[in-house]
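Note on naming: letters A, B, ... go to the chains in the order of the sequence lines (proteins, then strands), and numbering restarts at 1 for each one.
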Amino acid sequence: MSRYNAKETEEKWQKRWAEAGCFAVKEDPSREKYYVLEMFPYPSGKIHMGHVRNYTIGDVVARYKRAKGFNVLHPMGWDAFGLPAENAAMERGVHPASWTYDNIATMRGQLKLMGLSLDWDREIATCHPGYYAHQQRLFVEMMEKGLVYRKESSVNWDPVDHTVLANEQVIDGKGWRSGAPIERRKLSQWFFRITAFSDELLGALDDLDRWPEKVRLMQRNWIGRSEGATIHFKLVGRDDRLTVFTTRPDTLYGASFCAIAANHPLAAEVAQNNAKAAAFIAECNRLGTSEEAIETAEKQGFDTGLTVQHPFVAERRLPVYIANFVLMEYGTGAIFGCPAHDQRDLDFARKYDLPVLPVVLPPDADAASFAVGDEAYTGDGTAFNSGFLDGLGVAEAKRAAIDSLAAQGDGEGTIQYRLRDWGISRQRYWGCPIPVIHCGKCGPQPVPVADLPVRLPDDVTFDRPGNPLVHHASWKHTTCPKCGGTAERDTDTMDTFVDSSWYFARFCSPRAQSPMDRAAVDYWLPVDQYIGGIEHAILHLLYARFFTRALKEIGYVGLGEPFAGLFTQGMVCHETYRDADGKWLFPEQVEKSAEGTARLLDGGAPVTVGRAEKMSKSRRNVVDPEAIISTYGADTARWFMLSDSPPERDMEWTDAGVEGAWRFSQRLWRLVGENLASLPAKDTPPPADLSDVTVELRRVVHKTVAACGDDLDQFRFNRAVARIYELANALGGFTAEDAGGRWALREGLELLVRLIGPMMPHLAEELWRQLGHDDYLVDEPWPSADDSLLSDERATLAVQVNGKKRATISLPVDAGDEEARAVALGEPAVQRAMDGKPARKVIVVKNRIVNVVV
RNA sequence: GCCCGCUUGAUGGAAUUGGUAGACAUACGGGACUUAAAAUCCCGAGGCCGCAAGGCCGUGCCGGUUCGAGUCCGGCAGCGGGCACCA
């Protein structure tokens, strides 16, 4: 019996599927559609195991839904703009475009080896003018609807390289290449008005019932709706006021200071004639723009010397600090601090020796003795030390405080969102040019739709840092579309998140002359199942949700939510290896012993084995998918990806696991091959009488069919895999003794082959052919189970005494509670455990358990 | 710092959603086949005590609810994801 030759067979079927056009689809209103989409890859060079996992999962869903009769759209494309292409240009002197297109060619070839059921005719790349031209048009139309505007915003500035840095390029407050301490710098930039949809984006989460709860929760928290109050403090000795936002107006009597952001206008004013304040602000600006850097930095403040008047206690004065933890982007860029009931305020107060006055009394505390130590009290309680608020609960006190502030004209109730508008300007070359022309007379003007696209010029060099578009005179200088005078193009490009915010819509009509064809999107959208990494839980998914709403406003789509179902898969991890000097080693440099120790293949020096971590180039714990596929075949790689670990969890890639998957594919090959000669011809009707063992086998087969379908519906691929192992074990251990047995064996083998179809498509197709079928398995409908074989006649019940299992009993499935009770109490082990005591209570759960309480 | 997860044998995990913990697989041990090896097939196995029957313990840690908790509640620890210019 020959071995299964995966390489040859996979090539053969991939070619035939492509020639037959199995996976090319078009709109067909007579059929129910199903749109499966995996997050499209960034063309970084080669595919990695994370891609293999993502696309395997998506392909199983696509093939399964196809077998279930849906008209399945399953496209692929490239998220092709981005920073790494420019880095490659600077490091290796290659043009970002050729680097990107080369990578796409390589990765397309690798994906094809996986045997994915993709409609390659719909392939798109976001860096192609055929894509970004439409994106520019959408930008212009959003501008006309008031969804785009311009404002000042901070960026990370590298003072040595004279370039803007991404947060990722700022390491410990320093530029990644120059090593120079970075500065915050203000630039005029374009923003999408995502906050116009804050309430909608929040509210609609409730209806996304096929999204993971944790993603919805993260988005809710990100949008961060909070009800509170805006308070206008009178600045002592001045005519103007300091406006703060708070969620705790009930603690106003406990306020001991106000704090403003370093880039608050008042701070700038103070700094004008206070060198120390200016120095402090400069220090704050070195922190970078990321929230993490700001929040983890040591809390620091600078006393401006200004004070404000307490709105409820006229004689009380609160000092105004500039503080490094107050964000200009949130609320009003200013807060009041109540140290007793906010941890950050408490830390600040202790540091600068400010009063800590408790004003909320915990339920069981004593007003005379309650004091705040190192921990602020943030729970519910009763207001005290708070004048007219005394005795009120937190919620009532908030209302009363707001009412009173409003009555005296010092404030009002406000709803505040944490969500900020989306800044999309990037001072970089390799992105979608922002289609705007700046005219000295007319101001910024959108490029007329007829003049689109604004193409990225090819003739650029990366021999100096910064954006080459700025130095490209013939591209940059143009005329104003309004007045015809000399003008300059906007040299910024769009955030790459814009590209990925509507590609799912473009896939519906990838060659349309407009951004999208309305009939096509009406048919295909929403995406029924979107699949990708959890790391995109907030930004990408929120931006895409916003963008879809914007598309609706400008008339391209009729729906608000792009993704009806979302699945977030876990990462692919691998052990890490280091040599004696702590240098990372590739898995192929290491030889492992049975005891788990490892040594260097070259020379045998000892190697330290570290725990499994996300595969990454920097740690070298990577396994090349192409090498795995050429050794074992795509089906083996796919099967291993689906085995063992639930898809939402991180999985560990191991050699042993791949080999196990490979052995199983060989076993299936033998299982069919060895039985082939004894099987009846296909479509032979079943003999009249089947023996008991044959019926037992059919029960296993049909239970597996039913359970596998459920598992695939629920993304429980690892369970489906385990069930298929069980089925293969049952079929392998079955000896057909008569015609009925041989008939049932054929039935079982055919169903087994059909069940593995979505997971190991090439092997399944080949075995289907071996079993005598000359149609494509990919065109076969999903099998259904014979319901009469799904139920058992007897059940095994556990018998517990006081919750401890003492025996098991077998009963007919329709046995009554009385019978179960009698049989259970009759068990010798149960009587022994009862130790002669009477049963006080007997709980019977049908077909499950009997618990005797003594 | 803030938000969100995860934690079950040597290992990945399963557990009908509060009802027999450890399915299935990997690694391991024993056996069969073979001149031998590989491959394949069969058997074993949570830990401790015991010849055995059986007993006790056991789902990261501490506590609670319940006839019954891996599953629910409260607290803690460890690990991971995100934090708006990485994609």
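A donor and an acceptor atom never sit less than 3.5 Å apart when one is taken from the side chain of A:E535 and the other from the base of B:C86. For B:C85, the base has a donor-acceptor partner in the side chain of A:Q427 [N/O atoms by modelled type, under 3.5 angstrom]. A donor-acceptor contact under 3.5 angstrom links the side-chain atoms of A:R428 to the base of B:C85.
The side chain of A:R663 contributes no N or O atom lying less than 4.0 Å from OP1 or OP2 of B:A38. OP1 or OP2 of B:G13 has not a single side-chain nitrogen or oxygen of A:R716 nearer than 4.0 Å. Applying the 4.0 Å criterion to OP1 and OP2 of B:C56, one finds that A:R806 has a side-chain N or O inside that range. Look at A:R418 and you won't find any side-chain N or O under 4.0 angstrom from OP1 or OP2 of B:C83. Between A:N718 and B:G12 there is no side-chain polar atom (N or O) within less than 4.0 angstrom of OP1 or OP2. A close approach under 4.0 Å does occur between a side-chain nitrogen or oxygen of A:R426 and OP1 or OP2 of B:C85.
Taking the syn range as angles within 90° of 0, the glycosidic angle of B:G74 is outside it, so the base is anti. The glycosidic torsion of B:U17 lies within 90° of 0, placing the base in the syn range.
Sequence order on RNA chain B of the closest nucleotides to A:M651 and A:L217 puts A:L217 first from the 5' end. Map A:H536 and A:T296 each onto its nearest nucleotide of RNA chain B; the residue landing nearer the 5' end is A:T296.
Smallest separation of non-hydrogen atoms from A:A80 and A:I104: CB-CD1, 4.3 Å. Listed here is the closest heavy atom pair of A:V801 and A:V854: CG1-CG2, 4.4 Å. A:M571 and A:R53 make their closest contact through O-NH1, 3.3 Å (heavy atoms, listed as atom of the first residue, atom of the second, distance). Taking both residues in full, the closest heavy atoms of A:V215 and A:A537 are given as CG1-O, 3.6 Å, listed atom of the first, atom of the second, then distance. Closest approach of A:F348 to A:A323, counting heavy atoms only: CE1-CB, 4.3 Å.
Listed nucleotides B:A21, B:A84, B:C86 differ in distance to A:Q800; the shortest reach to its side chain belongs to B:A21. Taking only side-chain atoms of A:S645, from C-beta outward, the nucleotide of B:A25, B:U17, B:G13 with the closest atom is B:G13. Of the candidates B:G82, B:C56, B:G5, the closest approach to any side-chain atom of A:I538 belongs to B:G82. Of the candidate nucleotides B:A84, B:C3, B:U40, B:C3 has the atom nearest to the side chain of A:N221. Side chain of A:D644, nearest nucleotide from B:G12, B:A14, B:C41: B:G12. Taking every side-chain heavy atom of A:E295 into account, B:G1 is the closest of B:G1, B:C85, B:G80. Of the candidates B:A87, B:A39, B:C3, B:A87 carries the atom nearest the A:D79 side chain, counting heavy atoms from C-beta on. Of all nucleotides listed (B:G5, B:G1, B:A84), B:A84 comes nearest to the side chain of A:Y543. With distances taken from any side-chain atom of A:K804 to the nucleotides B:G1, B:C57, B:G12, the minimum falls on B:C57. For A:E291, taking side-chain heavy atoms from C-beta onward, the closest of the listed nucleotides B:G81, B:U26, B:C83 is B:C83.
Base engagement by A:L419 is indicated by at least one non-hydrogen atom pair under 4.0 Å involving a base atom. Nucleic acid contact for A:A537: none, since no nucleic acid atom lies under 4.0 Å from a heavy atom of the residue. Residue contacts for A:R667: at a heavy-atom cut-off of 4.0 Å it reaches the sugar-phosphate backbone alone, with no base atom in range. No contact: A:V842 has no heavy atom under 4.0 Å from any strand. Residue A:S500 is out of contact with every strand shown, counting any heavy-atom pair closer than 4.0 Å. Residue-level contact check: A:G82 touches the backbone only, with heavy atoms under 4.0 Å from sugar-phosphate atoms and none from bases. Heavy atoms of A:E726 sit under 4.0 angstrom from primed sugar atoms or phosphate atoms, though from no base atom. Residue A:R723 is out of contact with every strand shown, counting any heavy-atom pair closer than 4.0 Å. The residue A:K214 sits close only to the backbone: its heavy atoms come under 4.0 Å of sugar-phosphate atoms, none of a base. Using a 4.0 Å heavy-atom criterion, one finds that A:G423 contacts the sugar-phosphate atoms exclusively. Residue A:T496 is classed as a sugar-phosphate contact, given heavy-atom separations below 4.0 Å to backbone atoms only. Nucleic acid contact class of A:P646 (heavy atoms, under 4.0 Å, all strands): sugar-phosphate only. Note on A:F664: nothing from the nucleic acid sits closer than 4.0 angstrom, heavy atoms only.
Checking each of A:D495, A:T493, A:N467 against A:R426 for a side chain to side chain donor-acceptor pair (under 3.5 Å) leaves exactly one that passes, namely A:D495.
Under 3.5 Å, the side chains of A:N729 and A:R667 contain a donor-acceptor pair of N or O atoms. In this structure, a donor-acceptor pair under 3.5 Å is present between the side chains of A:D158 and A:S178.
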Evaluate the salt bridge (charged side-chain N to carboxylate O under 4.0 Å, His left out) criterion for residues A:R418 and A:E291: first the C-alpha distance (whole Å), next the side-chain angles of each, then the deciding distance (0.1 Å), finally the verdict. CA-CA 12 Å; A:R418 211 185 74 98; A:E291 193 171 314; 3.4 Å; yes

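Taking atom C1' on both B:A25 and B:A45, the two are 15 Å apart, rounded to the nearest angstrom.
Using Watson-Crick or G-U wobble geometry with both donor-acceptor distances under 3.5 Å, B:G5 finds its partner in B:C79.
Residues from residues 845-854 of chain A with heavy atoms under 4.0 angstrom of RNA chain B, sorted by number: A:V845, A:R848, A:I849, A:N851, A:V853.
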